[in-house]
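Beneath this line is the structure, given in structure tokens, with notes to follow.
Within every chain, numbering begins at 1; the chains are lettered A, B, ... in the order of the sequence lines, protein sequences first and strands thereafter. Not measured: the values here are computed from a predicted model.
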2 protein chains.
Amino acid sequence: MRIGELAERAGTTTRALRYYESRGLLPARRAVNGYRTYDEDDLRLLQQIRTLQDFGFGLEETRPFVDCLRAGHPAGDSCPASLDVYRRKLSELDALIGQLQTVRTQVGAQLARAELEAGATLPGGPEPRCELTDGLTE
Amino acid sequence: MRIGELAERAGTTTRALRYYESRGLLPARRAVNGYRTYDEDDLRLLQQIRTLQDFGFGLEETRPFVDCLRAGHPAGDSCPASLDVYRRKLSELDALIGQLQTVRTQVGAQLARAELEAGATLPGGPEPRCELTDGLTE
DNA sequence: GTAATCCTTGACGTCGGCGTCAAGGCAAGG
DNA sequence: CCTTGCCTTGACGCCGACGTCAAGGATTAC
């Protein structure tokens, strides 16, 4: 199979495949005319790469999985190096999620406070019932 | 005050200040010799920018806050446009956090499964008690 | 034969927020 | 006068994962 068919079957592009090859991640055999040639095993390697990419793994992080498959293991995560990547990714995710939740809380608090202050000074708000200013707005 | 002092007082760099100016976010007056000149109000604008940047806001998202301060409002988030930015950021954060949590769950499940499978075939695991293979490993 | 569709390599563009030179001007202290 | 330290503009570098274009060779369809 040539590069176009492989790309289509994996739901990616030829450009991505050439990029992977340039990174040494997915080398290709060559036909006599110079065309890249792939087989079903390459498709499996590529699917492993795509799956991890979709999960947000960097390309380099997919390398242990690909190497593991190429070494003949049944799954890309059958090797210790792959499990290490999983674990590092988990701690990265936990750290990132924690930070984002902190930010979310802070931004939410700022919004609530700002909305309150806006409501306290604008006429469409929750009617502050302040006799001193009521006379001015009516 | 000149650019170096402002940068230091705001905990940023001169390069960042020139960048903000190039984006029209924080224009500077000029002294006779061409040096950029700033005052305390500029420091407040800059602090608003830095705070939002630290929260993960893009530069363009800080613009409404800066404009709001420059219009004479007491806080950068005293204007409706700023509140809209808050709200959009909140929904962005919620979406992102949700995605990351989904990924975290999936990766965690993959790790657990892969660790189990590794333990089932490797000798250091939880001793599967399989008579057929036990004889081979001992 | 020739048009359409594949394939090749090479190289520059993208996005954000600056970092990092390079080459030179201006001001102050010794 | 000379050095030191601030300032100026301009321009390229960076990171990641490709997109996009260019110029040309190979193959297939008609």
Side-chain angles (χ1 to χ4, degrees), chain A residues 1-39 42 45-66 85 88-89 92-93 96 100 103, chain B residues 1-39 42 45-66 85 88-89 92-93 96 100 103:
Chain A
M1 141 178 51
R2 292 178 306 182
I3 193 170
E5 183 183 348
L6 178 61
E8 194 179 359
R9 288 181 62 184
T12 181
T13 66
T14 60
R15 182 69 183 88
L17 295 187
R18 294 195 190 95
Y19 179 65
Y20 298 158
E21 182 174 5
S22 78
R23 305 278 93 191
L25 201 59
L26 192 64
R29 268 80 51 198
R30 294 303 179 114
V32 263
N33 56 13
Y35 285 12
R36 289 174 178 82
T37 305
Y38 303 91
D39 57 22
D42 291 320
L45 299 185
L46 180 52
Q47 284 169 337
Q48 174 73 81
I49 295 172
R50 294 308 308 172
T51 300
L52 293 174
Q53 285 271 88
D54 292 344
F55 273 116
F57 287 63
L59 259 195
E60 282 308 314
E61 292 177 317
T62 71
R63 197 179 292 275
F65 294 80
V66 177
V85 173
R88 270 192 294 117
K89 187 53 83 177
E92 282 178 24
L93 282 169
L96 182 54
L100 290 178
V103 169
Chain B
M1 139 180 53
R2 292 178 304 183
I3 194 172
E5 184 182 348
L6 178 61
E8 194 178 1
R9 289 181 62 184
T12 182
T13 67
T14 60
R15 182 69 183 87
L17 295 186
R18 295 198 189 94
Y19 179 64
Y20 298 159
E21 181 173 5
S22 77
R23 304 279 93 190
L25 201 59
L26 191 65
R29 268 78 52 197
R30 295 302 180 116
V32 262
N33 56 11
Y35 287 11
R36 289 174 178 81
T37 305
Y38 303 90
D39 57 22
D42 290 321
L45 300 185
L46 181 52
Q47 284 168 337
Q48 175 74 81
I49 295 172
R50 293 308 308 173
T51 300
L52 293 174
Q53 285 272 87
D54 292 344
F55 273 118
F57 287 64
L59 260 195
E60 281 309 314
E61 292 177 317
T62 72
R63 197 180 292 274
F65 294 80
V66 176
V85 173
R88 271 192 294 116
K89 186 54 82 178
E92 282 178 25
L93 282 170
L96 183 54
L100 290 178
V103 169

Item to check | CA sep, side-chain torsions, deciding dist, call: A:Leu46, A:Tyr38, side-chain contact (heavy atoms from CB on, under 4.5 Å) | outcome: CA-CA 11 Å; A:Leu46 180 52; A:Tyr38 303 91; over 6 Å; no

Next on the checklist: Set out, in order, the CA-CA distance, both residues' side-chain angles and the distance that settles side-chain contact (heavy atoms from CB on, under 4.5 Å) for A:Leu25 and A:Arg63, then state yes or no.
Outcome noted: CA-CA 7 Å; A:Leu25 201 59; A:Arg63 197 179 292 275; 3.8 Å; yes

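Counting heavy atoms from C-beta on, the side chains of A:Arg29 and A:Asp42 come closer than 4.5 Å. Between A:Thr51 and A:Phe65, every side-chain heavy-atom pair lies at or beyond the 4.5 Å cut-off. Between A:Arg88 and A:Val85 there is a side-chain heavy-atom pair separated by less than 4.5 Å. With contacts defined as side-chain heavy-atom distances shorter than 4.5 Å, the pair B:Phe57/B:Lys89 qualifies. Considering only heavy atoms from C-beta on, B:Leu59 comes within 4.5 Å of B:Ile49 through its side chain. A 4.5 Å side-chain heavy-atom check between B:Ile3 and B:Arg18 finds at least one atom pair inside the cut-off. A heavy-atom distance below 4.5 Å is not found between the side chains of A:Met1 and A:Asp39.
Counted within 6.0 Å of CD on B:Glu21, heavy atoms from surrounding residues, nucleotides or ligands total more than 12; the atom is thus considered enclosed.
Across the protein-nucleic acid pair, B:Phe57 atom CZ and C:dG17 atom P stand 13 Å apart, rounded to whole Å. A straight line from CD1 of B:Ile3 to C1' of D:dC6 spans 11 Å, rounded to a whole angstrom. For the pair A:Glu61 CD and D:dA17 C1', the interatomic distance rounds to 14 Å; values are reported in whole Å. Atom CZ in A:Arg29 sits roughly 16 Å away from atom P in C:dC7 (whole-Å rounding). Per the geometry, CG belonging to A:Leu6 stands 17 Å off C1' belonging to C:dT8, to the nearest Å. Rounded to a whole Å, the CG atom of B:Leu52 is 16 Å from the C1' atom of C:dG16. For the pair A:Met1 CE and C:dC6 P, the computed distance is 16 Å after rounding to whole Å.
At C:dC18, one or more side-chain N or O atoms of B:Gln53 fall inside 4.0 Å of OP1 or OP2 (strictly under the cut-off).
Nearest-nucleotide mapping onto DNA chain D: of B:Arg30 and A:Glu60, the residue sitting toward the 5' end is B:Arg30.
For the helix from C:dG1-D:dC30 to C:dG30-D:dC1, the end axes, each set by the C1' atoms of five terminal pairs, are bent relative to each other by 30° (nearest 10°).
Listed by residue number, B:Arg15, B:Arg18 are the residues of residues 8-25 of chain B with a heavy-atom contact under 4.0 Å to DNA chain D.
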Which protein N or O atoms sit under 3.5 Å from an N or O of nucleotides 22-27 of chain D?
from   : atom 1 : to      : atom 2 : distance (Å)
D:dG25 : N2     : A:Tyr35 : OH     : 2.9
D:dA26 : O4'    : A:Tyr35 : OH     : 3.4
D:dT27 : OP1    : A:Asn33 : ND2    : 3.2

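With respect to A:Arg2 and A:Glu5, no salt bridge is recorded, no charged nitrogen being found less than 4.0 Å from a carboxylate O.
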